[in-house]
Amino acid sequence: MKIKKVLVLIMAICLSVSLFAACGGDEGDSEATKSPASQSPASQAPATESPATEAPATETPTVAPTEEPTKEPVPEDPEVDAKLFRFHVADKYMWGTETFITSDDSGVGQTALGTACNYWYEDGEGLAIEVLLVDPYFTLPNTGENGEEFSLADYPIFKVRLKNETLAPKFEAFIGAGAHVAPGDEFQIDISSEDTEYKDYVVNLAEIKGQGYIDGRTTVGSIRLDGLSISDTELAESGSAILYIDYFGFFKTVEDANAWNPAHVAPVEAPATTEAPVEG
């Protein structure tokens, strides 16, 4: 009986030891097999973030500013006591007046016979006149570039610088005493034809038209520029009939007219002069 009790006691002790060992092992296994998600945040290693891939910065190309071409200053013409009608600078002189076309426009000489001429600024030439009919006239401001009226009694000498590519041998213009020109207001100058260069012409209006012509124009009231006195035959045979005028003007004396040239023109020894019978 005692032996049985002893065996029962031994078995109880062994059972107790086995249960204790099993419990200890379960606790270790439980701790060891915890998933990372079950661990506390403090115990987790910080996640390594991949750096964001940035697109390379695109540099805006530097564009150099477009420089305007350097314009050579236009030399000023010499001063002179005269009434000038200059055409050799695109934005000055006659092209800058309010009562004449600008260098960007084209003028039309409209007559009773139709369009007699076209005129415009030609770079390097001045006033270009395309002759279409035998009477290719158009009017100009009677006050010239400076807007001041003048008298032929004070400025009776006429000078013109032109290049005549046509066959016509005469220059023609009208100077009226009133607002409109009339028969008898015209004067003519003998000129060369088929020119390849500019030429100067100087005339004393008192000598070619008479003193009465001068006295009747104490105030110049109108100016009509025909440019050429040309016939049908001369016009037909000229082909492209072009007349270029650099300038014209009214001077006090022949000496003043001969001595003066615009800045772009080299002085000439003796401008051409024209003599004509004195008209009464």
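Being a predicted model, the structure only gives us computed values, none of them experimental. We use all heavy atoms of the structure for the numbers below, so side chains are in, but hydrogens, waters and symmetry mates are not.
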Residue pair E76 / A263: nearest heavy atoms and the distance that separates them
O-CB, 3.5 Å
Measure the acute angle between the ring planes of F150 and F250, then classify it against the limits of 30° and 60° as parallel, tilted or perpendicular.
tilted
Do the rings of Y121 and W95 sit parallel, tilted or perpendicular, given the 30° and 60° boundaries?
perpendicular
Counting heavy atoms not belonging to H180, are there more than 12 under 6.0 Å from its NE2?
no
Could you tell me if the side chain of D195 sits less than 4.5 Å from the side chain of Y244, heavy atoms only?
no
Is any side-chain heavy atom of E130 closer than 4.5 Å to one of P136?
no
State plainly whether the residues D226 and K170 are in salt-bridge range, i.e. N to O under 4.0 Å.
no
Whether D154 and K83 form a salt bridge (side-chain N of Lys/Arg under 4.0 Å from carboxylate O of Asp/Glu) is what I want to check.
no
Consider only side-chain N and O atoms of D81 and Y155, and report whether a donor and an acceptor are under 3.5 Å apart.
yes
Strictly by modelled atom types, are E149 and T143 linked by a side-chain donor-acceptor pair under 3.5 Å?
no
Result for side-chain contact (heavy atoms from CB on, under 4.5 Å) between I157 and one of V254, L152, V203 points to V254
Counting distance only, does the side-chain N/O of Y119 pair as donor-acceptor with the main-chain N or O of Y137 below 3.5 Å?
no
Is the distance between the ring centroids of F158 and F187 under 6.0 Å?
yes
